[in-house]
Amino acid sequence: MKRRLPSLNALRAFEAAARLGRMSAAADELAVTHGAVSRQIRHLEEVLGVPLFAGSKARPTLTDAGRALSPGLTDGFDRIDAAVRACVDTESATLDVSCLSTFLMRWLIPRLHRFNAANPDIDVRLRASDQAVDIDRERFDVIITVDESPSAATPPATLTLFAEMLGPVAAPSLLPAPSPDRPADLRPLPVLHTKTRRNAWAMWSAAANLPPPDPTRISTEFEHYYYTLEAALAGLGVCVAPWHLIADDVRNGRLLAPCGFHASGYVYVAQWRRRNRKTERFCAWLAEEAAAIAAPPQAFTPPADLPNS
């Protein structure tokens, strides 16, 4: 039987607006204007003879008909996308990878030349994202992210890279050389925080069994971890940092880690959408690079008489 469908552009506009909750967000996703989305949805409502949205233009809500239509369209467009990708996912296609922005800049990019040299036929396209990524919906081949509940069941298409180790670091200009039997006193130093990881000091303090910094101390907060680490390198204060991001800086003496590192409970993982030659090579390379990370300085266990840091 011949299908009698409304305009696919109208269906796409409605599906995006219903899924994202805003006409402007749908317009951004579809790379059209807000007015174009509104016109397509009005056309669809006229064809179907039912309203799909109600309420104000600023805060539209789905009607009963809209709620009935939306899930089927989302599922249908996801299936179409998967079918198209399966068709064009050739051995020479681009490998799309998403990961956290600071991880991308300080860990992945400095190592990527080794993968490129060994795999010149695979074009790796990178995107930074500090938000949770749905690997199927966002259409990435591989995502590198943080598993905050590693004790839970791990999805099958997941490679564990390494556990996160946290420790305070500061430039040598702010600290004397660390003592092997007693950490430096961090109390006089300005404290650096990161807006996207405000729990870093609390996590390290809990793992090290030490009190967090006094909130009355001089402190500065930066937008991203990358800025915080640059501030620490510039001697602006002490911050808590993951070992994998600053291992080279500590090894080369640009940063000192006077208290060692403790496990935060987070684990870095790579997840893939479809197993093929590209993802297998890339994930195997990730595993090799992760295994090659040097062990962090041993965590210092403070004696009972150590003053709070």
Side-chain angles (χ1 to χ4, degrees), residues 8 12 16 28-31 74-147 150 153-165 224-226 229-230 242-249 251-252 266-295:
L8 287 179
R12 287 185 68 204
D28 290 341
E29 179 174 284
L30 299 175
T74 298
D75 180 66
F77 283 123
D78 284 346
R79 288 174 178 269
I80 292 172
D81 178 74
V84 171
R85 283 185 163 268
C87 175
V88 301
D89 190 16
T90 64
E91 291 299 299
S92 60
T94 299
L95 183 74
D96 286 305
V97 179
S98 171
C99 63
L100 302 172
S101 58
T102 305
F103 184 95
L104 174 67
M105 290 185 284
R106 293 190 64 91
W107 195 91
L108 185 57
I109 287 179
R111 293 166 169 80
L112 192 59
H113 66 93
R114 290 194 282 268
F115 178 82
N116 291 338
N119 301 274
D121 56 326
I122 300 177
D123 181 20
V124 180
R125 184 163 54 195
L126 303 173
R127 195 190 82 173
S129 175
D130 290 317
Q131 306 297 324
V133 174
D134 184 324
I135 194 169
D136 292 314
R137 179 150 318 230
E138 298 288 343
R139 304 176 181 90
F140 289 105
D141 297 297
V142 177
I143 64 171
I144 304 170
T145 187
V146 175
D147 184 355
T154 302
T158 300
L159 167 69
T160 298
L161 297 177
F162 47 78
E164 182 184 68
M165 305 292 290
H224 296 289
Y225 236 135
Y226 182 77
L229 297 179
E230 288 298 309
W243 168 247
H244 65 276
L245 296 181
I246 45 81
D248 291 341
D249 296 305
R251 189 180 303 113
N252 295 325
Y266 289 176
V267 173
Y268 278 74
V269 299
Q271 298 173 337
W272 57 89
R273 182 173 54 86
R274 183 181 297 110
R275 182 180 289 277
N276 54 31
R277 181 184 64 91
K278 296 175 300 180
T279 58
E280 286 181 351
R281 285 192 187 180
F282 189 73
C283 289
W285 172 78
L286 283 176
E288 291 175 1
E289 292 290 338
I293 299 176

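Keep in mind that the numbers below use all heavy atoms, side chains included, and drop hydrogens, waters and symmetry copies. Counting begins at 1 with the first residue of the sequence.
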Asker: Would you check if R281 and D121 make a side-chain contact, meaning some heavy-atom pair closer than 4.5 Å?
Answerer: yes

Asker: Would you check if the side chain of T279 reaches a backbone N or O of R274 as a donor-acceptor pair within less than 3.5 Å?
Answerer: yes

Asker: Kindly say whether F140 contributes a backbone atom to a donor-acceptor pair with the side chain of R273 at under 3.5 angstrom?
Answerer: yes

Asker: Residues two or more places apart in sequence or in another chain: which of them pass side-chain hydrogen bond (donor to acceptor under 3.5 Å, both in side chains) with E280?
Answerer: none

Asker: I need the R125 CZ to S98 OG distance, nearest 0.5 Å.
Answerer: 12.5 Å

Asker: N116: what forms a side-chain hydrogen bond (donor to acceptor under 3.5 Å, both in side chains) with it, not counting sequence neighbours?
Answerer: none

Asker: Please assess L159 against W272 for the test side chain to side chain contact (heavy atoms under 4.5 Å, CB included), listing each intermediate value before the final yes or no.
Answerer: CA-CA 9 Å; L159 167 69; W272 57 89; 3.8 Å; yes

Asker: List for me each residue that meets side-chain hydrogen bond (donor to acceptor under 3.5 Å, both in side chains) alongside D28, sequence neighbours excluded, and say none if there are none.
Answerer: none

Asker: Looking at R275 and D141, does any basic side-chain N land under 4.0 Å from a carboxylate oxygen?
Answerer: no

Asker: Please check: side-chain N/O of D123 versus main-chain N/O of T94, any donor-acceptor pairing under 3.5 Å?
Answerer: no

Asker: Is there side-chain contact between L229 and I246, with heavy atoms separated by less than 4.5 Å?
Answerer: yes

Asker: Mark yes or no for whether N119, through its side chain, and I122, through its backbone, hold a donor-acceptor pair below 3.5 Å.
Answerer: no

Asker: Go through the structure and list residues passing side chain to side chain contact (heavy atoms under 4.5 Å, CB included) with L126, not counting sequence neighbours.
Answerer: V97, L104, L108, I109, L112, V124

Asker: Would you give the length of the straight line joining atom CD1 of I293 to atom CE of M165, rounded to the nearest 0.5 angstrom?
Answerer: 11.5 Å

Asker: With sequence neighbours excluded, tell me which residues meet side chain to side chain contact (heavy atoms under 4.5 Å, CB included) with E230.
Answerer: R106, Y226, L233

Asker: side-chain hydrogen bond (donor to acceptor under 3.5 Å, both in side chains) with R111: which residues, sequence neighbours excluded?
Answerer: none

Asker: Give me the atom names and distance for the closest heavy-atom approach of F162 to A290.
Answerer: CD2-CB, 3.7 Å

Asker: Which residues satisfy the ring pair (Phe, Tyr, Trp, His ring centres under 6.0 Å) test with F282, sequence neighbours excluded?
Answerer: F115, W285

Asker: Looking at E288 and R114, is any side-chain nitrogen of the basic one under 4.0 Å from a carboxylate oxygen of the acidic one?
Answerer: no

Asker: Any side-chain heavy-atom pair from L100 and V146 closer than 4.5 angstrom?
Answerer: yes

Asker: Could you go step by step and tell me if T102 and L245 meet the side chain to side chain contact (heavy atoms under 4.5 Å, CB included) rule?
Answerer: CA-CA 8 Å; T102 305; L245 296 181; 3.8 Å; yes

Asker: Partners of D248 by side chain to side chain contact (heavy atoms under 4.5 Å, CB included), sequence neighbours excluded?
Answerer: R251, N252, R254

Asker: Going by ring pair (Phe, Tyr, Trp, His ring centres under 6.0 Å), name the residues that satisfy it together with Y225, two or more places apart in sequence or in a different chain.
Answerer: none

